[in-house]
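For reference, the structure is listed below as C-alpha coordinates.
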Amino acid sequence: MNNFSERIKKLARQKSPLILANDYDDQKNLESRTLKNIDTLSDYLCAIKFNMHVLLPLGEKQIKKITKKAHENQLQVIADIKLNDIGNTNLVAVNTLWNLGFDCVIVNPIMGPENLQRLIQFSHKNKKGIISLCHMSSPEAKVTYELSVRLGSKEKPLFKLFLEWAKKMSADGIIVGATFPDIIKYCKKHSNFKLNVFSPGIGTQGGDIKSTISAGSDYLIVGRTILNAKDPVDTARQMVRLTRID
(Lines give C-alpha, C1' and ligand atoms only; values in the text may rest on other atoms or scores of the structure.)
Protein backbone atom coordinates (compact mmCIF):
# COMPACT_ATOMS: atom_id res chain seq x y z
CA MET A 1 0.00 0.00 0.00
CA ASN A 2 1.33 3.45 -0.93
CA ASN A 3 1.78 6.11 1.72
CA PHE A 4 -0.55 9.08 2.16
CA SER A 5 1.55 11.54 0.16
CA GLU A 6 1.66 9.17 -2.80
CA ARG A 7 -2.06 8.39 -2.60
CA ILE A 8 -3.23 11.97 -2.52
CA LYS A 9 -0.77 13.04 -5.21
CA LYS A 10 -2.08 10.33 -7.54
CA LEU A 11 -5.68 11.38 -6.93
CA ALA A 12 -4.84 15.05 -7.46
CA ARG A 13 -3.34 14.22 -10.84
CA GLN A 14 -6.34 12.12 -11.82
CA LYS A 15 -9.00 14.57 -10.63
CA SER A 16 -7.87 17.86 -9.08
CA PRO A 17 -5.93 19.34 -6.12
CA LEU A 18 -9.18 20.42 -4.44
CA ILE A 19 -9.91 19.23 -0.89
CA LEU A 20 -13.43 19.74 0.44
CA ALA A 21 -13.59 21.20 3.95
CA ASN A 22 -16.82 19.48 5.00
CA ASP A 23 -17.06 21.84 7.96
CA TYR A 24 -20.70 22.79 8.50
CA ASP A 25 -21.66 25.27 11.22
CA ASP A 26 -25.19 23.87 11.15
CA GLN A 27 -24.79 20.32 12.43
CA LYS A 28 -28.19 18.97 11.45
CA ASN A 29 -28.16 15.80 9.32
CA LEU A 30 -24.36 15.78 9.18
CA GLU A 31 -24.10 12.17 8.11
CA SER A 32 -26.61 12.34 5.24
CA ARG A 33 -25.28 15.66 3.93
CA THR A 34 -21.71 14.40 4.05
CA LEU A 35 -22.55 11.16 2.23
CA LYS A 36 -24.36 13.21 -0.42
CA ASN A 37 -21.30 15.47 -0.82
CA ILE A 38 -19.10 12.43 -1.33
CA ASP A 39 -21.46 11.00 -3.94
CA THR A 40 -21.91 14.22 -5.91
CA LEU A 41 -18.53 15.94 -5.56
CA SER A 42 -15.92 13.18 -5.47
CA ASP A 43 -15.14 13.45 -9.21
CA TYR A 44 -13.73 16.93 -8.53
CA LEU A 45 -11.81 16.25 -5.31
CA CYS A 46 -8.73 14.40 -4.12
CA ALA A 47 -9.70 14.47 -0.43
CA ILE A 48 -12.30 15.51 2.11
CA LYS A 49 -11.46 17.19 5.43
CA PHE A 50 -13.35 17.20 8.73
CA ASN A 51 -12.81 19.71 11.50
CA MET A 52 -13.15 18.87 15.19
CA HIS A 53 -16.59 20.48 15.59
CA VAL A 54 -17.97 18.21 12.84
CA LEU A 55 -16.46 15.01 14.23
CA LEU A 56 -17.69 15.52 17.80
CA PRO A 57 -21.44 14.99 17.11
CA LEU A 58 -20.80 11.87 15.03
CA GLY A 59 -20.52 8.38 16.49
CA GLU A 60 -18.00 5.66 15.62
CA LYS A 61 -20.39 3.88 13.23
CA GLN A 62 -21.24 7.11 11.44
CA ILE A 63 -17.60 8.11 11.01
CA LYS A 64 -16.61 4.66 9.73
CA LYS A 65 -19.51 4.75 7.27
CA ILE A 66 -18.33 8.15 6.00
CA THR A 67 -14.64 7.22 5.67
CA LYS A 68 -15.56 3.95 3.93
CA LYS A 69 -17.78 5.84 1.48
CA ALA A 70 -15.00 8.33 0.83
CA HIS A 71 -12.49 5.58 0.05
CA GLU A 72 -14.99 3.86 -2.25
CA ASN A 73 -15.19 7.15 -4.13
CA GLN A 74 -11.41 7.52 -4.36
CA LEU A 75 -10.98 10.21 -1.72
CA GLN A 76 -8.42 10.54 1.02
CA VAL A 77 -9.86 11.52 4.42
CA ILE A 78 -8.23 14.14 6.63
CA ALA A 79 -8.97 14.81 10.32
CA ASP A 80 -8.38 18.50 10.99
CA ILE A 81 -8.10 18.42 14.78
CA LYS A 82 -4.89 20.47 15.07
CA LEU A 83 -3.58 17.89 17.51
CA ASN A 84 -1.24 19.26 20.16
CA ASP A 85 -0.49 17.33 23.33
CA ILE A 86 2.13 15.18 25.06
CA GLY A 87 3.64 12.29 23.14
CA ASN A 88 1.61 9.31 24.33
CA THR A 89 -1.67 11.23 24.12
CA ASN A 90 -0.88 12.16 20.51
CA LEU A 91 -0.14 8.56 19.58
CA VAL A 92 -3.35 7.26 21.14
CA ALA A 93 -5.35 9.98 19.36
CA VAL A 94 -3.98 9.29 15.88
CA ASN A 95 -4.20 5.52 16.31
CA THR A 96 -7.89 5.93 17.13
CA LEU A 97 -8.35 8.08 14.02
CA TRP A 98 -6.54 5.51 11.84
CA ASN A 99 -8.93 2.84 13.14
CA LEU A 100 -11.87 5.08 12.19
CA GLY A 101 -10.61 5.18 8.62
CA PHE A 102 -8.74 8.48 8.44
CA ASP A 103 -5.67 8.77 6.22
CA CYS A 104 -4.12 11.92 7.63
CA VAL A 105 -4.25 14.25 10.63
CA ILE A 106 -3.52 17.97 10.81
CA VAL A 107 -1.42 18.79 13.88
CA ASN A 108 -0.10 21.83 15.72
CA PRO A 109 3.73 21.75 15.94
CA ILE A 110 3.69 23.83 19.13
CA MET A 111 3.83 20.36 20.77
CA GLY A 112 7.59 20.55 20.13
CA PRO A 113 9.98 18.89 17.65
CA GLU A 114 10.48 15.62 19.54
CA ASN A 115 6.75 14.99 19.91
CA LEU A 116 6.21 15.96 16.28
CA GLN A 117 8.92 13.58 15.13
CA ARG A 118 7.47 10.65 17.11
CA LEU A 119 4.04 11.35 15.67
CA ILE A 120 5.28 11.50 12.09
CA GLN A 121 7.37 8.35 12.44
CA PHE A 122 4.46 6.42 13.97
CA SER A 123 2.09 7.60 11.25
CA HIS A 124 4.46 6.82 8.39
CA LYS A 125 4.99 3.33 9.81
CA ASN A 126 1.24 2.86 9.33
CA LYS A 127 1.22 4.44 5.84
CA LYS A 128 -0.65 7.45 7.20
CA GLY A 129 0.03 11.17 6.92
CA ILE A 130 0.73 14.17 9.14
CA ILE A 131 0.20 17.73 7.95
CA SER A 132 1.70 20.36 10.25
CA LEU A 133 0.41 23.90 10.76
CA CYS A 134 2.76 26.59 9.52
CA HIS A 135 0.62 29.68 8.87
CA MET A 136 -3.19 29.83 8.81
CA SER A 137 -5.65 31.72 6.56
CA SER A 138 -7.28 33.94 9.20
CA PRO A 139 -6.13 37.60 9.32
CA GLU A 140 -5.26 37.01 12.97
CA ALA A 141 -2.60 34.52 11.88
CA LYS A 142 -0.24 37.50 11.55
CA VAL A 143 -0.53 38.05 15.31
CA THR A 144 0.56 34.50 16.18
CA TYR A 145 2.32 32.73 13.32
CA GLU A 146 4.43 35.78 12.52
CA LEU A 147 5.27 36.35 16.18
CA SER A 148 9.00 36.75 16.65
CA VAL A 149 10.55 33.96 18.72
CA ARG A 150 14.07 33.37 19.96
CA LEU A 151 15.71 29.96 19.84
CA GLY A 152 19.23 30.13 21.16
CA SER A 153 20.82 33.30 19.80
CA LYS A 154 18.63 33.52 16.69
CA GLU A 155 15.30 35.28 16.35
CA LYS A 156 12.73 34.51 13.65
CA PRO A 157 8.98 34.46 12.98
CA LEU A 158 7.22 31.43 14.46
CA PHE A 159 6.08 30.13 11.06
CA LYS A 160 9.69 29.87 9.89
CA LEU A 161 10.54 27.72 12.89
CA PHE A 162 7.51 25.51 12.18
CA LEU A 163 8.64 25.25 8.55
CA GLU A 164 12.10 24.08 9.62
CA TRP A 165 10.64 21.41 11.89
CA ALA A 166 8.24 20.12 9.22
CA LYS A 167 11.06 19.89 6.71
CA LYS A 168 13.46 18.20 9.14
CA MET A 169 10.84 15.70 10.36
CA SER A 170 9.62 14.86 6.82
CA ALA A 171 6.02 15.87 7.41
CA ASP A 172 3.61 15.09 4.59
CA GLY A 173 2.88 18.76 4.21
CA ILE A 174 2.28 22.10 5.87
CA ILE A 175 -0.74 24.37 6.18
CA VAL A 176 -0.27 27.87 4.77
CA GLY A 177 -3.35 30.00 4.12
CA ALA A 178 -4.23 30.99 0.56
CA THR A 179 -4.67 34.51 1.89
CA PHE A 180 -0.90 34.78 2.35
CA PRO A 181 0.62 33.95 -1.09
CA ASP A 182 3.95 35.56 -0.22
CA ILE A 183 4.36 33.19 2.72
CA ILE A 184 3.37 30.23 0.53
CA LYS A 185 6.12 31.27 -1.88
CA TYR A 186 8.65 31.61 0.96
CA CYS A 187 7.79 28.22 2.47
CA LYS A 188 7.90 26.41 -0.86
CA LYS A 189 11.29 27.90 -1.74
CA HIS A 190 12.86 27.36 1.68
CA SER A 191 11.68 23.76 1.87
CA ASN A 192 13.63 23.20 -1.35
CA PHE A 193 10.25 22.45 -2.97
CA LYS A 194 10.10 19.17 -1.00
CA LEU A 195 7.16 19.97 1.30
CA ASN A 196 3.59 19.87 0.02
CA VAL A 197 1.66 23.04 0.82
CA PHE A 198 -2.03 22.70 1.74
CA SER A 199 -3.87 26.02 1.53
CA PRO A 200 -7.22 26.77 3.21
CA GLY A 201 -8.99 30.07 2.68
CA ILE A 202 -9.89 29.69 -0.99
CA GLY A 203 -13.00 31.62 -2.05
CA THR A 204 -15.04 32.92 0.89
CA GLN A 205 -11.99 34.04 2.88
CA GLY A 206 -10.51 35.76 -0.16
CA GLY A 207 -7.90 33.29 -1.38
CA ASP A 208 -7.54 33.17 -5.18
CA ILE A 209 -6.98 29.83 -6.89
CA LYS A 210 -4.57 30.92 -9.60
CA SER A 211 -2.39 33.14 -7.40
CA THR A 212 -2.27 30.45 -4.69
CA ILE A 213 -1.13 27.78 -7.14
CA SER A 214 1.33 30.19 -8.76
CA ALA A 215 2.80 30.92 -5.32
CA GLY A 216 3.54 27.20 -4.89
CA SER A 217 0.56 25.60 -3.16
CA ASP A 218 -0.05 21.94 -4.04
CA TYR A 219 -3.52 21.41 -2.54
CA LEU A 220 -6.42 23.85 -2.17
CA ILE A 221 -8.83 23.46 0.75
CA VAL A 222 -12.30 24.80 -0.06
CA GLY A 223 -15.32 24.82 2.24
CA ARG A 224 -18.10 27.41 2.26
CA THR A 225 -17.65 28.42 -1.38
CA ILE A 226 -18.81 24.94 -2.39
CA LEU A 227 -21.00 24.00 0.58
CA ASN A 228 -23.09 27.19 0.41
CA ALA A 229 -23.35 27.37 -3.39
CA LYS A 230 -26.74 27.07 -5.09
CA ASP A 231 -25.16 24.41 -7.30
CA PRO A 232 -22.20 22.85 -5.42
CA VAL A 233 -21.34 20.47 -8.27
CA ASP A 234 -21.13 23.23 -10.87
CA THR A 235 -19.12 25.39 -8.47
CA ALA A 236 -16.65 22.58 -7.85
CA ARG A 237 -16.40 21.93 -11.59
CA GLN A 238 -15.61 25.60 -12.28
CA MET A 239 -13.00 25.67 -9.53
CA VAL A 240 -11.30 22.61 -11.01
CA ARG A 241 -11.00 24.45 -14.34
CA LEU A 242 -9.25 27.33 -12.56
CA THR A 243 -6.64 24.96 -11.13
CA ARG A 244 -5.46 24.07 -14.62
CA ILE A 245 -2.90 26.77 -15.23
CA ASP A 246 -1.59 26.72 -18.80
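The basis for the numbers below is simple: all heavy atoms, side chains too, and nothing from hydrogens, waters or symmetry mates. Please read all numbers here as calculations on a predicted model, not as lab measurements.
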*Does the side chain of H135 pick up a donor-acceptor pair with the side chain of E146 at under 3.5 Å?*
yes

*In chain order, what residues pass the salt bridge (Lys or Arg N to Asp or Glu O under 4.0 Å) check against K168, with sequence neighbours excluded?*
none

*More than 12 heavy atoms of other groups within 6.0 Å of K9 NZ*: no

*Main-chain N/O of V222 paired to T225 side chain as donor or acceptor, under 3.5 Å*: no

*Test log, rule side-chain hydrogen bond (donor to acceptor under 3.5 Å, both in side chains), inputs T179 and Q205*: CA-CA 7 Å; T179 46; Q205 284 187 282; over 6 Å; no

*Start with the C-alpha gap between F180 and M136, add the side-chain angles, then the distance that decides, and say whether side-chain contact (heavy atoms from CB on, under 4.5 Å) holds.*
CA-CA 8 Å; F180 294 92; M136 295 177 71; over 6 Å; no

*Verify the distance criterion only: is there a donor paired with an acceptor across the side chains of R33 and Y24 at less than 3.5 Å?*
no

*Before giving the answer on side-chain contact (heavy atoms from CB on, under 4.5 Å), spell out for V94 and L83 the whole-Å C-alpha distance, their side-chain angles and the decisive distance to 0.1 Å.*
CA-CA 9 Å; V94 295; L83 182 64; 3.7 Å; yes

*Any link between V197 and L11 through a network of hydrophobic side chains (Ile, Leu, Val, Met, Phe, Trp, Tyr) touching at under 4.5 Å?*
no

_If you apply the rule side-chain contact (heavy atoms from CB on, under 4.5 Å), what do you find for L75 with H71, and how did you get there?_
CA-CA 5 Å; L75 294 176; H71 290 146; over 6 Å; no

_If the condition is salt bridge (Lys or Arg N to Asp or Glu O under 4.0 Å), which residues does K167 pass it with, not counting sequence neighbours?_
none

*V143 and I183: same hydrophobic cluster, using ILVMFWY side-chain contacts below 4.5 Å?*
no

*Of the non-hydrogen atoms in I221 and A21, which two are nearest, and what is the gap between them?*
CG2-CB, 3.9 Å

*Donor-acceptor contact present, side-chain T89 to main-chain D85, <3.5 Å*: no

*Could you give the distance from OG (S16) to OH (Y44), rounded to the nearest 0.5 Å?*
10.5 Å

*About how many Å separate CE of M239 and CG of L20, when rounded to the nearest 0.5 Å?*
10.0 Å

*Is the shortest heavy-atom distance from the side chain of E31 to the side chain of K65 under 4.5 Å?*
yes

*Between I130 and H124, is any pair of side-chain heavy atoms under 4.5 Å apart?*
no

*asked:* Restricting to non-hydrogen atoms, name the atom on L116 and the atom on M169 that form the minimum distance, rounded to 0.1 Å.
replied: CD2-CG, 4.2 Å

*Return yes if some donor-acceptor pair links the side-chain N/O of S123 with the main-chain N/O of L119 below 3.5 Å, else return no.*
yes

_Donor-acceptor pair, distance only, cut-off 3.5 Å: does the side chain of N192 make one with the backbone of K194?_
no

*Over 60° means perpendicular and under 30° means parallel, so classify the ring planes of F198 and Y219, tilted if in between.*
parallel

*Does any N or O in the side chain of S199 come within less than 3.5 Å of the main-chain N or O of L220, such that one atom is a donor and the other an acceptor?*
no

*Should L56 and L58 be regarded as members of a common hydrophobic cluster, given that ILVMFWY residues are connected when their side-chain heavy atoms come within less than 4.5 Å of each other, either directly or indirectly?*
yes

Just list the side-chain donor-acceptor pairs under 3.5 Å for residues 108-115, sequence neighbours left out, or say none.
residue : atom : partner : partner atom : Å
N108    : OD1  : I110    : N            : 3.0
N115    : OD1  : G87     : N            : 3.3
N115    : ND2  : M111    : O            : 3.1

_When you compare the side chain of L133 with that of Y145, does any pair of heavy atoms fall below 4.5 Å?_
yes

*Roughly how far, to the nearest 0.5 Å, is NZ of K64 from CZ of F102?*
11.5 Å

_Checking N196 against D172: is there a side-chain donor and acceptor pair closer than 3.5 Å?_
no

*salt bridge (Lys or Arg N to Asp or Glu O under 4.0 Å) partners for E72, two or more places apart*: none

*Could I get the full list of salt bridge (Lys or Arg N to Asp or Glu O under 4.0 Å) partners for D208, not counting sequence neighbours?*
none

*Could you tell me whether the side chain of T235 and the main chain of D231 form a donor-acceptor pair under 3.5 Å?*
yes

_Treating N73 as the side-chain partner and D39 as the backbone partner, does any N or O pair qualify as donor plus acceptor under 3.5 Å?_
no

_I'd like to check N88 versus R118 (side-chain heavy atoms, cut-off strictly below 4.5 Å). Are they in contact?_
yes

*For atom NZ of K15, is the number of surrounding heavy atoms from other residues, nucleotides or ligands below 6.0 Å larger than 12?*
yes

_Note, N99 side chain near N95 side chain (heavy atom, < 4.5 Å)_ = yes

_Least distance between heavy atoms, A47 atom then I78 atom_ = CB-CD1, 4.2 Å

*Under the ring-ring contact (aromatic ring centres under 6.0 Å, His included) rule, collect the residues that match up with F162, sequence neighbours excluded.*
W165

*In Å, rounded to the nearest 0.5 Å, how long is the span from CG of L55 to CD1 of I66?*
8.5 Å

_For K127, is there an ion pair with D103 - N to carboxylate O distance below 4.0 angstrom?_
no

*Nearest heavy-atom neighbours spanning K210 and L242*: NZ-O, 3.3 Å

*Atom CG of L163 and atom NZ of K156: how far apart are they, to the nearest 0.5 Å?*
9.5 Å

_Closest approach of C187 to V176 (non-hydrogen atoms, all atoms of both residues)_ = SG-CG2, 4.1 Å

*Mark yes or no for whether D26, through its side chain, and K28, through its backbone, hold a donor-acceptor pair below 3.5 Å.*
yes

*asked:* Using modelled atom types and a 3.5 Å cut-off, is there a donor and acceptor pairing between side-chain atoms of E164 and backbone atoms of L161?
replied: no

*asked:* Is it the case that atom CG in L151 sees more than 12 heavy atoms from other parts of the structure closer than 6.0 Å?
replied: no

*asked:* Quick check for you: to the nearest 0.5 Å, what is the distance between L18 atom CG and I226 atom CD1?
replied: 6.0 Å

*Closest contact, heavy atoms only, G129 versus W98*: O-CH2, 3.6 Å

*Check the pair L195, K188 against side-chain contact (heavy atoms from CB on, under 4.5 Å), reporting the backbone distance first and the verdict last.*
CA-CA 7 Å; L195 274 177; K188 198 66 177 178; 5.8 Å; no

*Give a yes or no on whether the backbone of H53 and the side-chain of Q27 come within a donor-acceptor separation of less than 3.5 Å.*
yes

*Quick one: are N22 and K49 in side-chain contact, heavy atoms under 4.5 Å?*
no

*Heavy-atom distance under 4.5 Å between the side chains of L45 and I19, does that happen here?*
no

*Using the rule that two of Ile, Leu, Val, Met, Phe, Trp, Tyr join whenever any of their side-chain heavy atoms come within less than 4.5 Å, decide whether I106 and M52 are in one cluster.*
yes

*Donor + acceptor pair across side chains of E155, S148 (<3.5 Å)*: yes

*Could you tell me whether the side chain of T67 reaches within less than 4.5 Å of the side chain of I63, counting heavy atoms only?*
yes

*Do the side chains of V233 and I209 join up, straight or via other hydrophobic residues, at under 4.5 Å, putting them in one cluster?*
yes

